[in-house]
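Accompanying notes for the structure given below.
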Amino acid sequence: MVHAYILIQTEVGKAAAVAAEIAGIPGVTTSEDVTGPYDVIVRAEAENVDQLGQLVVARVQNVEGITRTLTCPVVHL
């Protein structure tokens, strides 16, 4: 299982709606609107890196109101 944090910037005033919509996507374990340089932080999981990429590109980035994403896979050193 691969886990990642997805940091999301949204259009002004869209953070809460984006976080709520993303929360319903399969593979998303948490989705919260936050303050700071990013507007929403998502924790997601997938069986492998390819499926994680598909989740981000095909599902998350298609949510209306998102302007930019940064995916940070979790590593265990």
Handout entry: Closest approach of L7 to C72 (non-hydrogen atoms, all atoms of both residues)
Key = CD1-SG, 4.1 Å

Handout entry: Shortest non-hydrogen contact between P26 and L55, atoms and distance
Key = O-CD1, 3.4 Å

Exercise for the section: Considering only Ile, Leu, Val, Met, Phe, Trp and Tyr, and joining two whenever side-chain heavy atoms are under 4.5 Å apart, list the other residues clustered with M1. Expected result: none

Exercise for the section: List, by chain and then residue number, the residues other than L77 in its hydrophobic cluster (Ile/Leu/Val/Met/Phe/Trp/Tyr, side-chain heavy atoms under 4.5 Å); write none if there are no others. Expected result: V75

May I ask whether [X] and [Y] are part of the same hydrophobic cluster, defined by side-chain heavy atoms of I, L, V, M, F, W, Y residues being less than 4.5 angstrom apart, directly or through others?
X: L52; Y: I25; answer: yes
X: V60; Y: V49; answer: yes
X: I22; Y: V56; answer: yes
X: I66; Y: V40; answer: yes
X: V2; Y: V28; answer: yes

Problem - Results of side-chain hydrogen bond (donor to acceptor under 3.5 Å, both in side chains) for S31 - residues two or more places apart only - result: none

Exercise for the section: Verify side-chain contact (heavy atoms from CB on, under 4.5 Å) between Y5 and V42, making sure each step is shown before the conclusion. Expected result: CA-CA 5 Å; Y5 289 96; V42 173; over 6 Å; no

Exercise for the section: Applying side chain to side chain contact (heavy atoms under 4.5 Å, CB included), name anything that partners T29, two or more places apart in sequence or on another chain. Expected result: R43, E45

Completion exercise
The complete set of side chain to side chain donor-acceptor pair (under 3.5 Å) pairs with one or both residues in residues 52-74, sequence neighbours excluded, reads Q61-T69

Handout entry: Qualifying side chain to side chain donor-acceptor pair (under 3.5 Å) pairs with a residue from residues 8-28, counting only residues at least two apart or across chains
Key = T10-D39

Exercise for the section: Before giving the answer on side-chain contact (heavy atoms from CB on, under 4.5 Å), spell out for I6 and L70 the whole-Å C-alpha distance, their side-chain angles and the decisive distance to 0.1 Å. Expected result: CA-CA 6 Å; I6 306 167; L70 174 66; over 6 Å; no

